[in-house]
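To start, the structure under review is shown below, and the notes come after it.
For the numbers below, each heavy atom of this structure counts, side chains included, while hydrogens, waters and symmetry mates do not. A note on names: the letters A, B, ... follow the listed sequences, proteins ahead of strands, and every chain is numbered from 1.
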Amino acid sequence: MPELPEVETVARTLEPQIKGRVIDAAHVLLPKTLEAGKDLLSAAFPGARVTAVRRRGKVLLFDLEPGYVMAFHLKMTGRLFVHKAGEEPNKHTRLIFDLAPEAEKPAARLFFDDARTFGYCRLMQPEDLTFWPFWTKLGPEPLSLAQKDFIQSVKNRKGAIKALLLDQTVIAGIGNIYADEACFRSGVPPSAPASSLTGKQLGKLLENIKAVLTESIEECGSSIRDYRDANGDAGAFQNRFRVYGRAGEACVDCGTPLQKTVVAGRATVFCPRCQRI
DNA sequence: TCCTCCCTGTTC
DNA sequence: GAACAGGGAGGA
């Protein structure tokens, strides 16, 4: 499930493959996957050139010249791969972008594959971002978030702390894996109301969010089932999970069997001994 | 603020 | 053949 580290890794591995390249054509194999921008397709392609690939929260953004932006949300099973020209779609291919040949690069095709079809792409003009509610409501980037701002935004909230970490309007990019891992490292029960935590505990939580995200980016993300980067390679951070997916196993710190529960409608694993307030 | 639904491949 | 995985929209 691509969260911030996985989307960051996709951006880093994809940009060298497509930056500077002109998109000749877009093929929409599943209409709903192109969530916005059907009316812009014929104006943008052929001709739009990719000038940058970047990330905001879990959103992957292509800047196109002149005057367009493409946003992708991979959700659970979305993938972006560059294939050789002539590559035929597979059963999960939803969008294809034909890349024109460049000086030293032959023609190619960028596939957006998505088995569960939750992912989407939006082709927009930059000013359209203002009218995309999900984008305008996105919370701050965790890696550059100041402790005082994080504490301020959650300290009086009554909801479970994990629910707030998953709320993209509070903090952008955290999903189920990193929420559980950050709570464990901080000794915070995921179900604890945010308002029950001290400023010191919240500060520590943000530090551990940054640590777990940074470590995962260094490992090229976590590959549970479907996730691969744009080179088709798996990440390695799944080998460093301390709680996610380890219900019933021994806590790495105290040996107590890890417990499984549901918070914010999501499977949640925690150590009943280490995570207490 | 919380619950349900969307969707399909994998696991039990 | 049912349960499960889960990000985010939308409704209670």
Side-chain angles (χ1 to χ4, degrees), chain A residues 1-8 10 29-36 55-61 71-80 89-95 112-122 129 131-142 153-183 190-197 209 213 216 221-228 234-235 237-238 241 243-249 258-270:
Chain A
M1 11 262 63
E3 304 179 27
L4 187 153
E6 291 76 32
V7 180
E8 179 68 27
V10 171
L29 285 69
L30 182 67
K32 75 162 188 173
T33 300
L34 186 64
E35 192 182 77
R55 178 198 61 75
R56 169 86 171 91
K58 301 176 194 174
V59 176
L60 192 68
L61 276 179
F72 291 87
H73 200 307
L74 306 178
K75 291 291 182 82
M76 267 77 71
T77 52
R79 296 177 172 193
L80 285 159
N90 61 68
K91 65 188 284 198
H92 298 314
T93 304
R94 310 306 180 193
L95 304 172
F112 180 63
D113 295 346
D114 185 14
R116 283 156 75 175
T117 76
F118 278 19
Y120 58 79
C121 169
R122 299 175 64 97
L129 286 169
F131 304 102
W132 181 21
F134 179 70
W135 180 262
T136 58
K137 287 193 229 159
L138 264 183
E141 286 290 320
S153 64
V154 302
K155 68 175 185 182
N156 293 325
R157 304 279 298 263
K158 293 187 175 65
I161 185 63
K162 180 179 174 180
L164 293 177
L165 298 184
L166 295 176
D167 183 339
Q168 301 299 297
T169 69
V170 172
I171 186 168
I174 300 173
N176 207 29
I177 293 172
Y178 301 104
D180 274 10
E181 294 295 319
C183 285
S191 58
S195 56
S196 71
L197 302 174
I209 287 168
L213 295 176
S216 183
S222 308
S223 292
I224 310 297
R225 281 169 280 271
D226 299 274
Y227 167 72
R228 293 293 184 275
F237 193 71
Q238 66 278 10
F241 291 166
V243 287
Y244 180 86
R246 298 190 63 240
E249 296 179 35
L258 297 175
Q259 287 185 10
K260 188 171 188 174
T261 182
V262 174
V263 178
R266 298 289 167 252
T268 299
V269 183
F270 67 104

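At the heavy-atom level, A/Y244 lies under 4.0 Å from the strands shown only through sugar-phosphate atoms. Nucleic acid contact class of A/A267 (heavy atoms, under 4.0 Å, all strands): sugar-phosphate only.
For A/E249, the side chain to side chain contact (heavy atoms under 4.5 Å, CB included) partners are A/R246, not counting sequence neighbours. Legend: residues meeting ring-ring contact (aromatic ring centres under 6.0 Å, His included) with A/F72, ordered by chain and number and at least two apart, are A/F62, A/F112. Scanning for side chain to side chain contact (heavy atoms under 4.5 Å, CB included) contacts around A/A234 gives A/S223, A/R228, with sequence neighbours left out. In this structure A/A192 satisfies the side chain to side chain contact (heavy atoms under 4.5 Å, CB included) test together with A/P189, A/S196, A/L197, A/I277, sequence neighbours excluded. Every residue was checked against the salt bridge (Lys or Arg N to Asp or Glu O under 4.0 Å) condition with A/R116, not counting sequence neighbours, and none meets it. Judged as a side chain to side chain contact (heavy atoms under 4.5 Å, CB included), and not counting sequence neighbours, the contacts of A/P140 are A/L145. Remark: A/Y120 engages A/H73 in a ring-ring contact (aromatic ring centres under 6.0 Å, His included) (not counting sequence neighbours). Scored by the salt bridge (Lys or Arg N to Asp or Glu O under 4.0 Å) test, A/E8 finds A/R12, A/R55 as partners (sequence neighbours excluded).
Counting only N and O atoms by type, the side chains of A/T93 and A/N90 include a donor and acceptor under 3.5 Å apart.
Between A/N156 atom CG and B/dT1 atom C1' the separation is 16 Å, expressed in whole Å.
Summary of helix geometry: the two end axes of the helix from B/dT1-C/dA12 to B/dC12-C/dG1, each defined by five base pairs via their C1' atoms, are inclined to each other by 50° (rounded to 10°).
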Q.
I need a per-nucleotide contact map over nucleotides 7-12 of chain B, read 5' to 3'. Cutoff is protein heavy atoms under 4.0 Å; write B for the base, S for backbone only, - otherwise.
A. BBS---
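Within the structure, salt bridge (charged side-chain N to carboxylate O under 4.0 Å, His left out) contacts touching residues 168-183 of chain A (residues at least two apart or in different chains) are A/K162-A/D180.
Positionally, the nearest nucleotide of DNA chain B for A/K158 lies more toward the 5' end than for the other of A/K158 and A/R266.
If you walk DNA chain C from 5' to 3' and mark each nucleotide with an atom closer than 4.0 Å to a heavy atom of chain A, the marks span C/dA5 to C/dA9.
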